[in-house]
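Read through the structure below, which is laid out as structure tokens, and then see the notes.
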Amino acid sequence: MVQTIEAASAAVVGLAVGAAVPERLLGQERWPRGKKRPFDSDEEPNSYKDITTYNNFYEFGTDKSDPAKNSGNFKLSPWTVNVEGLVKKPAAYHLEDFIKPHKLEDRIYRLRCVEGWSMVIPWLGFPLAGLIKRVEPTSKAKYVTFETVYRPEEMIGQRRPYLNWPYVEGLRLDEAMHPLTLLAAGLYGKGLPNQNGAPLRLVVPWKYGFKSIKSIVKIGFVEKEPPTTWNISAPDEYGFYSNVNPEADHPRWSQKSERRIGEFLKRKTVMFNGYAEQVGYLYAGMDLKKHF
Ligand SMILES: Nc1nc2c(c(=O)[nH]1)N[C@H]1C(S)=C(S)[C@@H](COP(=O)(O)O)O[C@H]1N2
Ligand SMILES: [Mo]
């Protein structure tokens, strides 16, 4: 059953819900959805409770329940997003000005974590391509970089060396421009909860979840493939591309199947997480076992 927003709200009393993105920017109540939109998965979304209590966000701890428990005092405003590097219009944007020119859309996407579990999440966001066009990358720009906020006072996980902080990620420019690539400011029609990466996070549905970096403060444009956090941490296990691929096993486990949160039996993992038709052309001629 698709949860109504009322049921969803009742399920999260006591959890932090994003407030940095004013409701007027999020627009009218968008959930429950009407007819299926072109980019939607037709699978049933996970419950608001599952999506907001089973999280990976190491800045708030390494257990799945830690981000919801430990992110209550995370400050969402003021929030500035710096756009820098090989662009004609570098700038430090207040979050509102960053989001305002873009039309927010609901997008129901599958999310597959490299650990072997998956969910279906109704995001609210806008295509990263719109932002990229707005800031006008120069012809030298070939990759886009992203950085999470560094605030060990508020993010207890950053006081320990679980990963190299701040968390950084990157995409090739054509991946970043793909219409599926989203900057999300909400889910289930409301502002993003802190544990899901408030106030703004990336969503790249055909790649393992760790590419979808949370709580972004910096977006850069560069010429060379940038370093990425999980690749720095374990280069043999996590590559730059990290496309969902049932044929390319993780060195320590198979990637052929996954457990959908809320289900008991495993499902088969699908190439590019089911988005092969839309994104396959981006990797034509590439050996995806080598460029994992
Ligand atoms: N900054 C940051 N972003 C992050 C992570 C993290 O630990 N820190 N975890 C990643 C991983 S491994 C996954 S699976 C997704 C989970 O997103 P969700 O908690 O909203 O489902 O966030 C990704 N983004
Ligand atoms: Mo993940």
Side-chain angles (χ1 to χ4, degrees), residues 12 15-18 45-71 74 81 107-125 145-152 154-158 160-171 181-188 190-219 228-234 237-239 242-244 250 252-253 255 258-262 269 273:
V12 290
L15 292 181
V17 170
N46 280 84
S47 69
Y48 192 84
K49 189 170 181 215
D50 282 348
I51 295 169
T52 58
T53 56
Y54 188 96
N55 300 100
N56 271 334
F57 198 171
Y58 275 26
E59 283 85 340
F60 291 112
T62 55
D63 286 347
K64 295 289 179 279
S65 58
D66 281 342
K69 275 190 230 148
N70 298 334
S71 63
F74 185 53
V81 184
R107 296 267 185 107
I108 303 171
Y109 282 172
R110 288 180 290 277
L111 177 123
R112 167 62 153 85
C113 176
V114 73
E115 297 164 340
W117 54 269
S118 65
M119 292 204 203
V120 178
I121 304 183
W123 301 108
L124 179 55
T145 65
F146 306 87
E147 194 173 303
T148 295
V149 71
Y150 180 69
R151 263 191 224 159
E154 293 168 35
M155 301 174 120
I156 57 165
Q158 286 180 337
R160 302 179 127 239
Y162 299 135
L163 293 169
N164 75 302
W165 312 117
Y167 195 105
V168 289
E169 257 306 335
L171 293 172
T181 305
L182 212 64
L183 280 172
L187 61 84
Y188 265 112
K190 310 219 298 181
L192 270 185
N194 292 344
Q195 58 270 34
N196 293 93
L200 188 78
R201 59 92 56 87
L202 185 68
V203 182
V204 194
W206 70 94
K207 293 178 179 282
Y208 291 119
F210 66 85
K211 298 295 289 182
S212 293
I213 182 173
K214 296 177 167 179
S215 304
I216 295 169
V217 289
K218 213 182 268 184
I219 299 179
T228 55
T229 288
W230 277 101
N231 180 252
I232 295 167
S233 158
E237 303 190 1
Y238 311 102
S242 299
N243 290 311
V244 174
H250 186 280
R252 291 184 281 130
W253 59 84
Q255 292 291 27
E258 65 198 61
R259 191 173 72 87
R260 176 68 49 83
I261 298 305
T269 288
N273 203 21

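Each residue takes its place number in the sequence, starting with 1. First listed ligand is number 1; within each ligand, the first listed atom is number 1.
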Quiz item: So Trp117 and Tyr54, ring pair (Phe, Tyr, Trp, His ring centres under 6.0 Å) or not? Walk me through it.
Solution: CA-CA 11 Å; Trp117 54 269; Tyr54 188 96; 5.0 Å; yes
Quiz prompt | Distance-only side-chain donor-acceptor flag, Thr53 / Lys49, under 3.5 Å | solution = no
Self-check item: Plane angle bin for His250 and Trp253 - parallel if under 30°, tilted between 30 and 60°, otherwise perpendicular
Solution: parallel
Quiz item: How far is atom 9 (N) of ligand 1 from its nearest protein heavy atom, and which residue and atom is that?
Solution: Asn56 O, 3.2 Å
Exercise. Just jot down the ligand 1 atoms closer than 4.0 angstrom to any heavy atom of Ser212, in number order.
Key: 22 (O), 23 (C), 24 (N)
Quiz item: Below 4.5 Å, heavy atoms only, C-beta onward: do Pro122 and Tyr109 meet side chain to side chain?
Solution: no
Quiz prompt | Sub-6.0 Å ring centroid separation between Tyr58 and Trp165 | solution = no
Self-check item: Passing candidate, side-chain contact (heavy atoms from CB on, under 4.5 Å) with Tyr167, options Glu59, Glu147, Lys214, Gln158
Solution: Glu59
Quiz prompt | atom 23 (C) of ligand 1 - nearest protein heavy atom and its distance | solution = Gly209 O, 3.3 Å
Practice problem: Please identify which atoms of ligand 1 are closer than 4.0 Å to at least one heavy atom of Thr148. | Solution: 1 (N)
Quiz item: Against heavy atoms of Asn196, which atoms of ligand 1 measure under 4.0 Å?
Solution: 18 (P), 20 (O)
Exercise. Mind checking whether Arg201 contacts ligand 1 via backbone (N, CA, C, O), side chain (CB onward), both or neither, at a 4.0 Å heavy-atom cut-off?
Key: side chain
Quiz item: To the nearest 0.1 Å, how far is atom 19 (O) of ligand 1 from its closest protein heavy atom, and which atom is that?
Solution: Lys214 NZ, 2.7 Å
Quiz item: So is there a nitrogen or oxygen of Trp117 less than 3.5 Å from a nitrogen or oxygen in ligand 1?
Solution: no
Quiz item: Any idea which part of Tyr167 is under 4.0 Å from ligand 1, heavy-atom wise: side chain, backbone, both or neither?
Solution: side chain
Quiz item: Which protein heavy atom lies closest to atom 10 (C) of ligand 1, and at what distance to 0.1 Å?
Solution: Phe210 CA, 3.6 Å
Quiz item: Just checking, any donor-acceptor pair under 3.5 angstrom between side chains of Asn70 and Gln195?
Solution: no
Exercise. Identify, by atom number and element, the atoms of ligand 1 in contact range of Tyr58, meaning under 4.0 Å from any of its heavy atoms.
Key: 6 (C), 7 (O)
Self-check item: Residues Arg112 and Ser118: side-chain donor-acceptor under 3.5 angstrom
Solution: no
Self-check item: Numbering as shown, the atoms of ligand 1 that approach Cys113 to under 4.0 Å (heavy-atom distance)
Solution: 14 (S)
Quiz item: For ligand 1, does Glu59 get within less than 4.0 Å through its side chain, its backbone, both, or neither, judged by non-hydrogen atoms?
Solution: side chain
Self-check item: Distance-only side-chain donor-acceptor flag, Gln255 / Thr269, under 3.5 Å
Solution: no
Quiz prompt | Gap separating the CD1 atom of Ile261 from the NZ atom of Lys64, nearest 0.5 angstrom | solution = 8.5 Å
Quiz item: Under 4.0 angstrom from ligand 1, any heavy atom of Gly197?
Solution: no
Self-check item: Sub-3.5 Å N/O-N/O distance, Trp123 and ligand 1
Solution: no
